[in-house]
Amino acid sequence: MLKLKVLLATMALSVAVLPAYAEPTTPITYNAGTTATRFTGLAFDTCTAPTVAQMTAWKASPYKAVGIYFGGVNRSCAQPQLTPAWVTAVTAMGWRLVPIYLGLQAPCGNRTYKMSTTASNREAVRDADDAVAKAKALGLLPGSALYNDMENYDNTNAVCRSAVLHYLSSWTKELHLQRYLSGMYVNQASGAPDLAAAYNSPSYARPDAVWIARWDGNSSLTGWPPVPNTFWAVGQRGKQYMGDHTETYGGVTLNIDNDRFDAPVASVAYNYTVRTTIHSYSGPSTAYPVRSTIAANAGVRVVCQTFGPKIGTSSVWDKLIDGTYVTDYYVRTPSKPGYSAPLPGCAFPFQTTISGLSRRHGPGTAYATYPSTLPAGSLAWITCQQAGSKVGTTSVWDRLSDGSWVTDYYVATASQTTYTAPIRRC
């Protein structure tokens, strides 16, 4: 009996410390050897992925990212180029990828394959699982944002609108379970206002990013009539501002749509070699335990870069795909002693759970605040965590990619009492 009481007490304690996140903010966890990648700038999308040669020619363009239709039953274009080798080649050039999944469409839409009005939740889970499988097959890592392309539909049809919202909510929850970020491509006349209306609804999971189609020639990521500026406000927006037309760069002409992003996109691993025999560590410092020895001239797969103690002339550390870290000083990355494009900085985004979350200059309430706060549902792009003054049930503070700090208590990480793996310590 005593053992049973101890067991029950232990179970109750473990349940009590788990954060009770539900709609609209649903939990997401990340793998150790991954990161999220935030892209800010101009992009283009085109139905069939261009060849490596065409992407090379288009390095002369103002675009730095490309939308790729990587799956979905309604995908209409063949993709002979879209292979793991293509992904490796174009990302090594510096291109960011915006993965687009054209799955089941609204019951009142115009595409061939449509979701049902009564089972769209289950259908969304199947689509999300298929999207994850196809993303992994291309080398798109967990932590990537996958964008569900929901084309225009009649949102005055209440039954149809409900089916779409349930589908998109279930897509988000399933991607989060699979450790991917949830993005939505929607029309300004239907999906955008419907998602905005459901932004704070306890009935629907909120996607991490929204990409709207509004062909008005204006690339601004704010001032959208159907979406308040406080919704999807921090690295969570894309806009397709011009439709089908041709442009030519490097002697290559493509038919494209124009886009601007400040949003999560795909994450991949980048291949480099080491200059000498080195150790990998469980964290970005030689003070962490050694995890492996890497021979001189061996290949390593780097997912992102972060900071740590200086080795040689560099304070940059590289996170490998197995979740370990090596000093960048001995890796043949292109830039020394700083960070190297196209490698992203290591960061893990989580949604915030309240409006008006203060950003501070250090890990505690005694530090001064920044003028702007974070609205509910913002992405807190966390680079590391550190102990600070206690807020609610936790003393953990999150350092964001802009250098500001927020209490972890109001961020949908895995715990409201302690640190969250695999986020590193500051």
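Treat the numbers as computed from the prediction; the structure is a model and nothing was measured.
- Using a 4.0 Å cut-off between charged side-chain N and carboxylate O, R301 and D322 make no salt bridge.
- You'll find the side chain of Y419 stays beyond 4.5 Å of the side chain of S415, heavy atoms only.
- Checked against side-chain hydrogen bond (donor to acceptor under 3.5 Å, both in side chains), T273 has the following partners two or more places apart in sequence or in another chain: R332.
- Between the side chains of N152 and S190, at least one donor N or O sits under 3.5 Å from an acceptor N or O.
- Cation-pi check for R237 over F261 is not met; the charged atom does not lie both under 6.0 angstrom from the ring centroid and within 45 degrees of its normal.
- Between F70 and L146, the closest side-chain pair of non-hydrogen atoms falls below 4.5 Å.
- We find that D328 and K319 are not joined by a salt bridge, their nearest charged nitrogen and carboxylate oxygen being 4.0 Å or further apart.
- Under the 6.0 Å cut-off for aromatic ring centres, W171 and Y101 qualify, their centroids lying closer than that.
- Under the ring pair (Phe, Tyr, Trp, His ring centres under 6.0 Å) criterion, Y180 pairs with no residue at all, not counting sequence neighbours.
- Neither side chain, N187 nor R214, offers a donor N or O lying under 3.5 Å from an acceptor on the other.
- Between the side chains of E247 and N258, at least one donor N or O sits under 3.5 Å from an acceptor N or O.
- Residues D408 and T413 have side chains that bring a donor and an acceptor to within less than 3.5 angstrom of each other.
- Applying the ring-ring contact (aromatic ring centres under 6.0 Å, His included) rule to pairs touching residues 126-157 yields Y147-W211, sequence neighbours excluded.
- Here the two rings, on Y325 and Y281, have centers that are 6.0 Å apart or farther.
- Residues M184 and L168 approach most closely at CE-O, 3.3 Å, considering heavy atoms.
- Note on R38 versus D262: salt bridge recorded, some NZ/NE/NH1/NH2 to OD/OE distance being below 4.0 Å.
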